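Please read the structure below before turning to the comments.
Please read these numbers as outputs of a predicted model, since none were measured by experiment. Values reported hereafter were calculated over all heavy atoms of this structure, with side chains retained and with hydrogens, waters and symmetry mates removed.
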Amino acid sequence: MPARSLDQIRRLAKNRGFIFAGSAPYGGLGSFWDYGPLGVEMLNHVKRSWWQNVVYNRDDVEGVDCAILMNRKVWQHSGHEATFSDPLVDCKSCRARFRADHLVTDAILARETEGENVHRKLRPIIELFPVSLKAAGLQLYAKLRDDEQDAEREANRRLREFQDKVSNGEKTSLDEFFGSLANIPGMPNVSQYAQLFFFVRRHPNELRSALLKLGKVSCPKCQKADWTDARNFNLMFQSHVGPVEANKGTEEELASRVYLRPETAQGIFMNFKNVLESSRRKVPFGIAQIGKAFRNEITPGNFTFRTREFEQMELEFFIKPPQFLQPGEKTDEQWHEEWVEQRYNWWLGLGIDKSRIRKRAQTREELAHYSKATVDLEYLFPGSLGFGEIEGIANRTDYDLSAHSKDVPEDALKRLKLEKNADSVENLDYFDQDAKARYFPWVIEPSCGATRAMLAFLCEAYNEELVKPPAEADIAALKTEIDAAIKNAEKKKKEAEKEKDAAQRKHDPVAIEAFIRDLTEATTRLPQSLAEIDGMLKDHAGAQNLELVKKLSPKVSKLAEDHTRLVLKLHPSLAPVKLAIFPLKKNEPRIVDEARRIKHQFQHLFRTVYDDSAGIGKLYRRQDEIGTPLCITVDFQTLEDNTVTLRDRDTMQQIRVPMEKLKHEVFHRLGMPV
RNA sequence: GCGGGUGUAGCUCAAUGGUAGAGCGUCACGUUGCCAACGUGAAGGUCGUGGGUUCGAGCCCCAUCACCCGCUCCA
């Protein structure tokens, strides 16, 4: 059974030297993580395995490693500078800059407080103003979600119609839009302005721009109502090349500004021609790259799942556009499908269980405008995270290479919604000898997070196994205490239910109920579920602040620790340490010498450790915790017949292996070529 | 971003406003003939950080940071 919470993984990762919080002596820095001795080994293995899968094992892929900093124009023409999130607008009159969504919601609230149409349900929201403006929109959103999901869907549909009208220049107005919302069955009876809160927060810049204009929102600074279109604040980290002291936005500043790449892909596109010519490749072929990427995420979190600095493994696979295909050649759809399968199988091959990984085709609404189709691979992470994207395989058509080229046919520009590129001095196109045609290749892009992959593999490998059953009397006593804890929890639940004011509640009755249900169920599976219950008492949302649970928890922990082992069932190729060698008796020089000799024999091949600092049982458990697949123990018999015991991590079984067959046996079990 | 919660040794957690502790882990020595053995000893803390109240703060107040849970968001 894999990890139940990311907290377990975080603890193990810290204790054993996989992953540490960064800048610890200074209190850390939000969501930056350092990889320790074992972490760097494992991350390297993840990357090497990927490289093996997409580069070595194929005849049609080359690798590159590009600079993290690139000419700013790369990011302008890739679209990143313009379209990376938070919406900003400028006042054309006084050049002040504002968050578009804030402006709109501010204006709405101002009208509300002036007495226009304030509904009673809105009063508590208004009272929050101006401390938590957004909370107002969110509360309405929560209300919609809880009570009227159908209404929300219908409202969204009408909103899209409205947006289309605005962007097509058709005649419409806010009043008309809200009029159309009012007759949706189940729509909460709150004012138009409250509704607006909700929509402004969640919808795109076209709408925000339209609202600014239609709503006649005036500039807080100069009172004029003349706005630029809303555009997105970008999530790219900025830096400067060379010494610059100019103010932001000035010509001098812009001239030296660079961005830390938010994806590695653009470096590949920049080198399309270099690789093509230097490696004498023909389409179809691919270019792979592994490297760091940076995004100034608004909400990082969930351990290493979403961080501002992370590592990507990306492949851009260049193929013929559909119109040049000869009979029998693979279409873009077929290539896409093939890469989805290849990548999916990579995950399965490294031990991800089918029940926890899924392919999910993005819906048409989700697709980026250049993408024809995208399939996400999602892993079922523990706890609240749930299914999270670990890889996306996109069909990017000819968007990227066209976007960076100087001469692109008019019809293609129109189709791709691109402007003519006056900055580029090259055409990233390809002359196809067979088709006797010049074209911009299409691109299939499998893009995988290396650091996310490592997290998924850790979660998948995490196992707490019962190795020896506890005494029946201990189990019986434990059950009695659990019963008491459940009764106590039920009492707290009832107390919480009586308290009508949610803000005054000490407990969340829904969470407690789930906790009681889960705990009751797990208790029936004792003693197998011992470790599970231990974790539940510590991490379950409904277990927080329950007195008896707090008392029970250490007892369960003790019992669990005594009878379970923690083992990372990592695929051998991912395990940070492949082999550990122990002397059975550390005070016997002949045994110690022989163990060290064996370590020396293997250490140049892969990470190998020698350890004699504890009893043999503890030495095994230590290696189990970090996922070492094999342990070798040298004992007295070794001195007589030159054999050692080889112990398997997963089964804990040992066999005797003669020294001359040791290398063969180890290689075989590690899945390495003998 | 919002709401709730938690910050004390590497980890899990104790400690009426009055001398900072336990278990586990780590290290050293001894012992130990295969699955978290034992003995002795040691290291490790300005109690997340900064202010305030007080004769005195781990504990009370304010601020701030980090993390967790639930929403929200999401390359």
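OP1 or OP2 of B:U31 sits under 4.0 Å from a side-chain N or O of A:Asn587. The phosphate of B:U12 (OP1 or OP2) has a side-chain N or O of A:Arg11 nearer than 4.0 angstrom. Proximity of A:Arg622 to the phosphate of B:U26: a side-chain N or O atom is located under 4.0 Å from OP1 or OP2. Within the 4.0 Å cut-off from OP1 or OP2 of B:C35, not a single side-chain nitrogen or oxygen of A:Lys618 is found.
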After noting the C-alpha distance and the side-chain angles of A:Arg358 and A:Leu380, does the key distance pass the side chain to side chain contact (heavy atoms under 4.5 Å, CB included) rule?
CA-CA 8 Å; A:Arg358 70 182 183 194; A:Leu380 183 57; over 6 Å; no

Test ring-ring contact (aromatic ring centres under 6.0 Å, His included) applied to A:Tyr379 and A:Phe381, step by step
CA-CA 6 Å; A:Tyr379 177 72; A:Phe381 285 95; 5.0 Å; yes

Going through the distances and angles, do A:Asp7 and A:Arg10 end up as a salt bridge (Lys or Arg N to Asp or Glu O under 4.0 Å)?
CA-CA 5 Å; A:Asp7 231 26; A:Arg10 179 203 315 281; 3.2 Å; yes

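In terms of position on RNA chain B, the residue among A:Thr645 and A:Phe305 whose nearest nucleotide sits closer to the 5' end is A:Thr645.
When both distances must be under 3.5 Å, the Watson-Crick or G-U wobble mate of B:A15 does not exist. Of all nucleotides present, none satisfies the Watson-Crick or G-U wobble test against B:G56 with each distance under 3.5 Å. Base pairing of B:A37: no nucleotide in any strand meets the Watson-Crick or G-U wobble criterion (both distances under 3.5 Å). Shown here, B:G3 forms a base pair with B:C69; the pair counts as Watson-Crick or G-U wobble because both key distances fall under 3.5 Å. Figure legend. B:U8 is base-paired to no nucleotide; pairs are counted as Watson-Crick or G-U wobble with both atom distances under 3.5 Å. Pair assignment for B:U46: none, as no Watson-Crick or G-U wobble contacts are both less than 3.5 Å.
Judged by distance alone, the side chains of A:Glu594 and A:Thr638 never bring a donor and an acceptor atom under 3.5 Å apart.
Following rounding to the nearest Å, A:Arg621 (CZ) and B:C35 (P) show an atom-to-atom distance of 9 Å. One atom, CG of A:Asp7, and another, P of B:C11, lie 12 Å apart when rounded to the nearest Å. A straight line from CZ of A:Arg649 to P of B:C34 spans 24 Å, rounded to a whole angstrom. Rounded to whole angstrom, the span from the CD atom of A:Glu594 across to the P atom of B:G33 amounts to 20 Å. The separation between A:Leu12 atom CG and B:G10 atom P is 18 Å, rounded to whole Å. The CD-C1' distance, from A:Gln653 to B:C34, rounds to 14 Å in whole Å. Atom CE of A:Met313 is separated from atom P of B:A75 by 20 Å (rounded to the nearest Å). In this structure, A:Lys14 places its NZ atom 14 Å from C1' of B:U26, rounding to the nearest Å.
Within 4.0 Å of A:Glu625, counting heavy atoms only, lies at least one base atom of the nucleic acid. Among the protein residues, A:Asn15 comes within range of the sugar-phosphate backbone only, with heavy atoms under 4.0 Å from sugar or phosphate atoms but none that close to a base. Residue-level contact check: A:Phe303 touches the backbone only, with heavy atoms under 4.0 Å from sugar-phosphate atoms and none from bases. No contact: A:Gln312 has no heavy atom under 4.0 Å from any strand. The residue A:Lys586 sits close to a base: some heavy atom pair falls under 4.0 Å.
We find the CD-NE2 distance between A:Gln266 and A:His80 to be 5.5 Å, quoted to the nearest 0.5 Å.
Remark: A:Arg452 is positioned above the aromatic ring of A:Phe305, its terminal NZ or CZ atom under 6.0 angstrom from the ring centre and at most 45 degrees off the axis. Geometrically, A:Arg360 does not engage A:Phe387 in a cation-pi contact, judged by NZ or CZ lying under 6.0 Å from the ring centre and within 45° of the ring axis.
When the C1' atom is used for both B:A57 and B:U19, the distance is 15 Å, rounded to whole Å. A distance of about 15 Å separates the P atoms of B:U16 and B:A20, rounded to the whole Å. Rounded to the nearest Å, the gap between the C1' atom of B:G23 and that of B:U32 is 23 Å. One P atom belongs to B:A43, the other to B:U54, and the distance between them is 39 Å to the nearest Å. Between the P atoms of B:G50 and B:U8, the separation comes to 15 Å (whole Å). Taking atom C1' in both B:U64 and B:A28, one finds a spacing of 42 Å when rounded to whole Å. Nucleotides B:C61 and B:G5 have their P atoms positioned 13 Å apart, rounded to a whole Å. Comparing B:G44 with B:C27, their C1' atoms sit 11 Å apart, to the nearest whole Å.
Of the listed residues (A:Glu625, A:Glu465, A:Glu464), just one forms a salt bridge (charged side-chain N to carboxylate O under 4.0 Å, His left out) with A:Arg565, and that residue is A:Glu465.
Of the candidates B:C34, B:C68, B:C27, B:C68 carries the atom nearest the A:Arg10 side chain, counting heavy atoms from C-beta on. Nearest nucleotide to the side chain of A:Glu389, out of B:A75, B:C35, B:G33: B:A75.
Stacking between A:Tyr620 and B:A36 is absent: the ring centroid is not both under 5.5 Å from the six-membered base ring centre and under 30° in plane angle.
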